[in-house]
There are 2 protein chains.
Amino acid sequence: MPAQQPSLDAIFSALADPTRRAILGMLLEDDMAVTDVAAPFQVSLAAISKHLAVLAAAGLIRQERRGRIIWCKLEPDGLRNASVWMQGFGQFEPVDLDDFERFLREALPLADGDEAKS
Amino acid sequence: MPAQQPSLDAIFSALADPTRRAILGMLLEDDMAVTDVAAPFQVSLAAISKHLAVLAAAGLIRQERRGRIIWCKLEPDGLRNASVWMQGFGQFEPVDLDDFERFLREALPLADGDEAKS
DNA sequence: TCCATATTCAACCGGCAAGTTAAGCAAAGC
DNA sequence: GCTTTGCTTAACTTGCCGGTTGAATATGGA
């Protein structure tokens, strides 16, 4: 069940994890099977499976089974509410895609080292 | 120390808590002293103090002492990186402030009942 | 100086979130 | 039908997070 609008709680805490953000970044380029999503990470497949469940619950991705493969695809509208909410603070000028590209490159060295603890 | 750019980790997990989002909403209207921030909530002052520390660490607010009062003020740029990041997923049309107003009203019934567990 | 006000710190507790491994299902292939 | 492949579930461990209370600190006022 797609459920009703996921809460901002769900969305933001889904985004709070670097692994999950990395996954979203990957899915931005292409739909992927669970195993493939898991490949670049050090953690177990089960862990990734859970991450995907969290993202799905937050409405950020959709998972649909075809055969024995479950395809994960981005649900871009999932970010809409959160985005609307954030935009309210300080009127940013309409965001520039170059900024985003740069950001992706910096913020998505994938997995492990990503954001060091201290 | 203002520290260097707070991580997306810090920002999103700060935003993941409804109490903290409510606080941001309050500060959107005006700078406030810690005690006043705490007033509408059921939880202890100490708890709010911690929430404010989290928000400050995430670069979303700034706290400056004047006399014995510590003023909390929004740091609108704190959301910038996160906003840039989010905008990358699905090009939303430049967000409309009315949306935001509506959202604040819905999403900020403050404190307790806010987002029910299940 | 002494007291009240404003805020944080310290120690502690319960719960949840993320990780693990091992077992369970489901669909394809031989 | 058995095995492999793809993925989830279950049970468990560990660590962080949000809450509490009570003491500590800092400033302003009488």
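Chain letters run A, B, ... following the sequence lines, proteins first, then strands; residues in each count from 1.
- The phosphate of C/dT8 (OP1 or OP2) has a side-chain N or O of B/Gln63 nearer than 4.0 angstrom.
- At whole-Å resolution of the value, CH2 in B/Trp71 and C1' in C/dT5 are 14 Å apart.
- Between A/Ser49 and D/dT8 there is a side-chain polar atom (N or O) within less than 4.0 angstrom of OP1 or OP2.
- Computed from coordinates, the A/Ile23 CD1 to D/dC7 P distance equals 13 Å when rounded to whole Å.
- Distance, A/Ile69 CD1 to C/dG29 C1': 14 Å, rounded to whole Å.
- The distance from atom CZ of A/Phe12 to atom P of D/dC17 is 18 Å, rounded to the nearest whole Å.
- In the hydrophobic clustering of this structure, A/Val43 groups with A/Leu52; members are Ile, Leu, Val, Met, Phe, Trp, Tyr whose side-chain heavy atoms approach within less than 4.5 Å, directly or through other members.
- Residue pairs satisfying the ring-ring contact (aromatic ring centres under 6.0 Å, His included) criterion with at least one member in residues 12-38 of chain B, sequence neighbours excluded, are listed as follows: B/Phe12-B/Trp85.
- When the nucleotides D/dG6, C/dT8, C/dA18 are ranked by their closest atom to the side chain of B/Val34, C/dT8 comes out on top.
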Quiz: residues 56-64 of chain B side-chain donor-acceptor pairs under 3.5 angstrom, not counting sequence neighbours:
| residue | atom | partner | partner atom | Å |
| --- | --- | --- | --- | --- |
| B/Arg62 | NE | B/Glu75 | OE1 | 3.0 |
| B/Arg62 | NH1 | B/Glu64 | OE1 | 3.3 |

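- When rounded to the nearest whole Å, the span between CE of A/Met32 and P of D/dG6 equals 13 Å.
- A salt bridge is defined here as a Lys NZ or Arg NE, NH1 or NH2 lying under 4.0 Å from an Asp or Glu carboxylate O, and B/Asp9 with A/Arg21 meets this definition.
- Side-chain contacts under 4.5 Å among hydrophobic residues (ILVMFWY), followed directly or transitively, place B/Val54 with no other residue at all.
- Between B/Asp36 and A/Ser13, the residue anchored nearer the 5' end of DNA chain C, judged by the nucleotide with its closest heavy atom, is B/Asp36.
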Report task. Assign a letter to each nucleotide of nucleotides 19-26 of chain D from its 5' end: B, base within under 4.0 Å of a protein heavy atom; S, sugar-phosphate only; -, no contact. Result -> BBB-----

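- Residues forming a side-chain contact (heavy atoms from CB on, under 4.5 Å) with A/Ala46 (at least two apart in sequence, or on another chain): A/Ser44.
- Atom P of nucleotide D/dC17 and atom CG of A/Asp9 are separated by 16 Å, given to the nearest angstrom.
- Rounded to whole Å, the distance from CD on B/Glu64 to P on C/dT8 is 14 Å.
- Screening residues 36-54 of chain B for salt bridge (charged side-chain N to carboxylate O under 4.0 Å, His left out) gives no qualifying pairs among residues at least two apart or on separate chains.
- Heavy atoms of A/Arg66 sit nowhere under 4.0 angstrom from any nucleic acid atom.
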